[in-house]
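Counting starts at 1 for both ligands and their atoms, in listed order. Sequence positions, counted from 1, serve as the residue numbers for this chain. It should be emphasised that the depicted structure is a prediction, and the values quoted were computed from it without experimental measurement.
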Amino acid sequence: MAEEKKAKAPKVADPVAASYDVATQEMIKRAQDLGVETCFDRAVTLKPCNIGATGICCKNCGMGPCRLPLPKGGIEGEDTRKGICGASPNTIAARNFIRMIAAGASAHSDHGRCVAEVFMSAARKETDAYQIKDIQKLLQIAPCLDVAITVEKDGEVLDRDIDEIALEVAEVALNEWGKAEGELKYLKRAPAPRYELWKKMGVLPRNIDREVVEIMHRTHIGVDQDYKNLMKQGTRCAIADGWGGSMLATDLQDVLFGTPYPLQSEANLGVMKKDHVNLVIHGHEPVLSEMIVAVAQGQEMIDYCKQAGAKGIQLSGICCTANEILQRHGVPLCGTFLQQELAIITGACDAMVVDIQCIMQNLANVAKCFHTKLITTHPIAKMEQDNVIHIEFDEHHAIEDAKRIVKMAIDNYANRGEDVAIPQHKNPVIAGFGVESIEYHLGGSFRGSYYTLNDNIINGRIRGIGAVVGCNNVRTRHNYDHITVVKELIKNDVIVLTTGCNAIACGMEGLLTPETAQVFCGPGLAEVCETVGIPPVLHVGSCVDNSRILLAATEVVKAGGLGKDISDVPAAGSAPEWMSEKAISIGQYVVASGVYTVFGTTFPTSGAPVFQKYLFEDFEKMYGGMWDFEPDPIKHAHKMIAHIDKKRAALGIDKARERVLMDMADRQKLDVA
Ligand code: BF8
C-alpha cells in the first residue's frame, strides 16, 4: 500500500547562523515567512564543487573539463595528476588564478575607462552635467601623467590654463588603457625601490588592456605551462589594476566629483524610511549615482515628491556605490553585498537602480514579489527577466536620465503595499578618509605630513596598519569574520583602513566612530584616536579606492623612519569574506606591492599544493609580500599581527612598543595605589 508522502518543507537558512547582523537576520526570516527565496537559502541547498573551489578543474578547452581532485590523504611522492593535454595541477590552478586576476582587473579598469571617457566629455565641455570640481587634485595628478601645469612665456613661468590641463590629462589618461609603447605612467608613484624591483622582475605593465589580453592568451590550451611564468603575468596584470585602472578611476572621480573628506552619516537597512520614497542605488559607478544624488536633492524632485504624498526622498546605497556616495555626500549605507535582496524584502524599496558589478540576478525575482521597480542603466549589464526596466545612462543626457529614474521611484510610492517592515537597526558612521585627510588629521594642518602617524608607529602606540577590505561571502556567517578580524586588530593597537563591503560592515557595527576607540581599542591606539579625534577604523572608500591605501602606504614610506619600501612598513592586508574575482586582483597587487595578505573563507588554489606554496612562501622572497589563508577570524587577525611584529623587529622598533606596554602597566599600578 502506497504510503502517503509528507510534503517536505524546502530547506532554508537559519537566520542567526547566516548573519551576525540583527537587521539581516530579521529580513532573512521575513523573506522565509513570505516565501521569497534569498541567497542565504540557496546557499543551504546549492553546495560548491570542491574540485572547482580548490582550483583544479580545467575547462579551457572542449576535451574537458579535466578535474584533478587531490587524493584522500594528500599527495605522497610524485604528484602524477594530469589533464588530457598533460596540464599539471600547478598549471591548471595558476591558469584559473590568473584568469580571476584578469577578470577582476578588467572590472576595476573598465570602470576606470568609463570614468576617463566621462572626464574627457567634461574636459571637452560636451556635457553640462559633469565639470572639473577639484582643481587641486587635477594639478596634483597632472605631473604624474607627465602633463605640465605651468608654461614658460618670455622667460616667465606662468600657470597653465585649467581647461587645457584637463583636456591633456583626459587624453593621456585614456591612452593608458591601450598605448602601443612604454609603461604605465603611474608606476613611478610607488616608492623608488618598489618600482626598481618590478623592473628587475620584469612585471612593469605596458598598458592596462594588454595585460588582460595576454592572460587570456597565455591561459589558452597549449600556451604557458609554467606556473611561475603564469604568475609573472598575473602579477603584471594585477599591478596594472592597482597602480593603473583603479588608481586612475579614483583620481579622475575625485577630480570630477570632489576628493572625499570626513563626514557623518548612518549605516544599515534601518536608514530606509517608511514615510519617504526609498530609492536604493546599487553598483559601482559614481558617474550614475552622482547624478541621481544631485537630481534627488534638487527642488523640482523634492516638490514632485511632496505632491506624491511622501515626506521626502531617502537615498541609500548598496555595495561600492554606497561607499562612493557616502564619502562625497553623506548618503547613508543601506547594506553590504549580501543585503541587496533584503533591501527589497522590507517592502519599502520603491526603486532600486543598478549599474555594474556585484548585482545579483535574483534581485529581479525578489522585485517581482513586491512593488519595487528594478532599473538597469548600463549597456554592458542588463537582465533577462521581463520585470526589469532598462534606462540607458549616458553622460550627454545624464540629468534627464537621472530625473526619469528618480521620478519613477516617486511615482511608484503610491503602489507600496501596507506590509512594510524596515528593521530598526542602524549606526552612525564617520566616513570619507583618504590620503589627504589622513595626512591632515594625523599630521596636523600646519605640518601636513605622515610623520605623526609614523612617529606613533615608531613609538609603539600604534602597532601597525591593517588594510581590511573585500566582500561578503555566503559561505561564511555574514559580517562575522569582518567584524571579528577588525575588532581583534584594533584591540591590539593596529589601526585599520577599510574599503568595500568590509567598510560597510564596520559601519553597520558602529566601528566607524571616534567613540569606538575607548570601547574596543588597545591603550596605545585609543590614546592616539582620542588625541586627534579619529575612529580607529578609517573608511577610505570603495574597492577601486584600495589605490588610496597604496598611496597612503607610499606616503608612510616617504615620511621616513619606517624603511625604504612598502614591504618594510609594519602593515598587513586582509579580505576575511572575499568572493569576487576583483578581490583576487586586489590581493595580488597588494602582495606585489610588498604587503602580507590574508584571505578568509576559502582559497582557490588549495588543490595544487606546490603552486599554493609558491604564492604563500616564495612570493615573500621575491616581492616582500605574500598570500596566506586563514578562515578562523581570530587566528586570521593574529597572523597579521605576527607579521606586523616581525616587521617592527626588522626595523628595530619592537623595543619601543615594549616600553609603551610597560608604561601602561606602570600607570595601572599607580591607579591601584
Ligand atoms: O567592489 S567588496 S562584494 S561591492 S567586489 Fe562587490 Fe566585494 Fe563588495 Fe564593491 Ni568590492
Could you list the residues that satisfy side-chain contact (heavy atoms from CB on, under 4.5 Å) with Asp632, not counting sequence neighbours?
Glu630, Ile634, Lys635
Ser289: what forms a side-chain contact (heavy atoms from CB on, under 4.5 Å) with it, not counting sequence neighbours?
Ile281, Pro286, Thr321, Ile325
Report, as yes or no, whether the 6.0 Å neighbourhood of atom CZ on Arg210 holds more than 12 heavy atoms from other residues, nucleotides or ligands.
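Result for CZ/Arg210: open.
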With side chains defined as the heavy atoms from C-beta onward, is the minimum distance between Gln253 and His111 less than 4.5 Å?
yes
Cut-off 3.5 Å, side chains only: do Ser106 and Asp110 have a donor facing an acceptor?
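Their side chains do not contain a donor-acceptor pair, so the 3.5 Å distance test is not met.
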For atom 7 (Fe) of ligand 1, report each protein N, O or S atom nearer than 2.8 Å, sorted by chain and then by residue number.
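Listed by chain and number, the nearby protein N, O or S atoms are Cys471 SG.
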So which of the N, O or S atoms of His284 lies nearest atom 9 (Fe) of ligand 1?
NE2
Those residues that, when tested against Thr336, pass side chain to side chain donor-acceptor pair (under 3.5 Å) (two or more places apart)
Gln339, Asn472, His478
